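Down below is the structure, laid out as structure tokens.
Treat the numbers as computed from the prediction; the structure is a model and nothing was measured. If you read the sequence from its start, that first residue is 1, and numbering goes on from there.
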Amino acid sequence: MLTPSLPQVFPSSQHEHNGIPISHDEPTPEQKAFFHALIPFAAHLFDDPERPPRPFLTSILPLKDEHIASREALEALHDIFVCGTLKTLCNQTGWQLRSFAKKGHEKPQTSRLWNAPHWPTHPLNFGNVSIDTLIILFNLFQLYPPQKKHTPHEPLPSPDAPKISQPAASSRKDQASPQKDILSEQRKRRVLDAQWRHLSTLYPRQNGDLLLHFFLYTFVQQHLPPECSTHPAWRNNPLILLVSFHQDQRAKQQGLDALRLLLDPSVAPLMPWIGSLLRNAWLQKHTPPKTNPTSEAFLHYFDQMHRIWSSAIDLFQQAERYDLLAPWLEIFSLWLAQDQLTVHWPRWLHEASHSLRMNDRQTLTDELLQAIGLIAQIQDIAEDIRSLHPTERDAAHRLFLQTYAETRFAEVFQTYKELKRTLQPTLG
């Protein structure tokens with residue numbers, strides 16, 4: 001696919017730009033169909049994200065046709081990406097006054113997202129990842145159209161009404177219909193597999209791609225069947241990896257390498273507001289199962305939490321970006337405020353393990369203690385920072401300690417120690 005950039009006027013005689021073919025002034029029928037399908041679809045995602053898009057009378061859009069997008073389409077998509085991503089981020093968290101640490105400064109600074117000082121040097125950038133992901137999302141909605149709702153003008157048939165017999169179809173049609181359905185389902189599966197194969201090759205590495213990819217994923221979670229949002233092809237995005245760790249299979253180390261992107265100079269300044277997204281996503285999505293809790297689900301949830309979140313915490317600690325740990329201070333504080341540490345997780349542990357043998361119960365307990373041991377890991381970092389002389393502390397150190405106090409993390413750590421004492425006797 002073509003790579004969008006800042007809108008620019010291409011000379012009509014120019015056939016390439018940076019080695020990429022450019023369409024002629026008169027768009028082809030395919031380019032017109034692409035424009036009139038994808039541009040309204042993209043605009044709807046940001047104008048009314050609570051509602052699924054209306055069906056489009058067009059076929060599946062191609063994934064690897066570099067001539068399908070005219071320059072007008074690229075310019076329009078770029079404008080929608082920039083405005084829509086900023087609008088979404090500002091609506092969700094950008095209005096919040098957040099503290100951030102600027103390199104070379106002794107004290108933290110405070111700002112809202114639209115006034116953050118990093119924008120002149122690191123604006124939002126979008127590439128082929130954003131266009132390809134948008135096309136895949138469009139195709140997914142074509143493959144999973146929203147269910148048609150009954151309208152008031154269409155009365156439901158009365159159960160007492162006489163049934164009207166339909167003329168019998170010919171035996172040839174009866175035989176052909178199941179075969180047609182099978183072929184249609186097979187074609188749908190082939191097209192769907194092509195979407196997942198292509199999505200798995202997309203690695204959002206620019207800050208704009210990263211955020212847009214994450215927002216499109218949340219749109220999938222809201223409006224498409226669960227098998228669409230739980231597909232591992234989404235996990236090339238570190239934000240999705242952090243939020244939806246419980247939906248993954250066991251994370252491999254090469255998959256965790258995506259977390260390094262959060263240290264990028266174009267991404268790290270956004271973390272105070274992105275951290276709010278992570279906190280809100282955890283608040284909405286992560287609740288213990290209410291019925292039929294299984295030991296396998298328990299083990300998977302806390303194993304993934306420890307592996308992925310511990311990797312992120314270690315990464316920021318080694319880079320001495322203590323300010324980027326602030327979201328975890330807030331999330332762990334939520335654990336205490338929502339009684340996760342004192343009520344819900346101990347109850348989940350009991351329900352998942354009460355029928356198991358002693359060794360299996362110990363395994364579940366170990367997994368829970370290892371996961372909530374992230375609290376002790378953060379506490380150790382706080383002690384290390386406190387051991388520094390005040391003159392040796394920079395803005396990142398001070399922001400960490402400031403958040404530590406604001407979230408009353410000392411109470412979180414005390415509750416963790418009490419829970420550990422309660423559970424430790426079960427560890428033989």
For F409, run the ring-ring contact (aromatic ring centres under 6.0 Å, His included) check against Y416, Y404, W328 and tell me which one passes.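 Among Y416, Y404, W328, the one meeting ring-ring contact (aromatic ring centres under 6.0 Å, His included) with F409 is Y404.
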Checking [Y] against [X]: is there a side-chain donor and acceptor pair closer than 3.5 Å?
X: Q377; Y: D314; answer: yes
X: S276; Y: Q96; answer: yes
X: D132; Y: H198; answer: yes
X: D303; Y: H300; answer: no
X: Q109; Y: S99; answer: no
X: Y301; Y: E296; answer: no
X: E50; Y: Q222; answer: yes
X: T133; Y: Y217; answer: no

Taking the inter-plane angle between the rings of [X] and [Y] on a 0 to 90° scale, is it parallel (under 30°), tilted (30 to 60°) or perpendicular (over 60°)?
X: W348; Y: F302; answer: tilted
X: W309; Y: F245; answer: perpendicular
X: W196; Y: W234; answer: perpendicular

If the threshold is 4.0 Å, N to carboxylate O, is there a salt bridge linking [X] and [Y]?
X: D339; Y: R347; result: no
X: E367; Y: R307; result: no
X: R386; Y: D384; result: no
X: R190; Y: D193; result: no

task = Might you work through the ring pair (Phe, Tyr, Trp, His ring centres under 6.0 Å) test for H118 and H122, ending with a clear yes or no?
result = CA-CA 6 Å; H118 71 280; H122 297 291; 7.3 Å; no
| query | Can the ring centroids of W114 and W119 be said to lie less than 6.0 angstrom from one another? | reply |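 No, ring centres 6.0 Å or more apart.
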Minimum heavy-atom distance between L364 and S295, given as atom pair plus value: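 Result for this residue pair: CD2-O, 3.7 Å.
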Look at the side chain of R235 and the backbone N and O of L241, then say whether any donor-acceptor pair between them is shorter than 3.5 Å.
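No: the side chain of R235 does not pair with the backbone of L241.
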_So, taking the atom named CD1 in I331 and the one named CD in Q338, what distance separates them when rounded to the nearest 0.5 Å?_
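CD of Q338 is found 11.0 Å from CD1 of I331.
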*Within 45° cone and under 6.0 Å: R393 NZ/CZ vs Y322 ring*: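 Judged by the rule, R393 and Y322 form no cation-pi pair.
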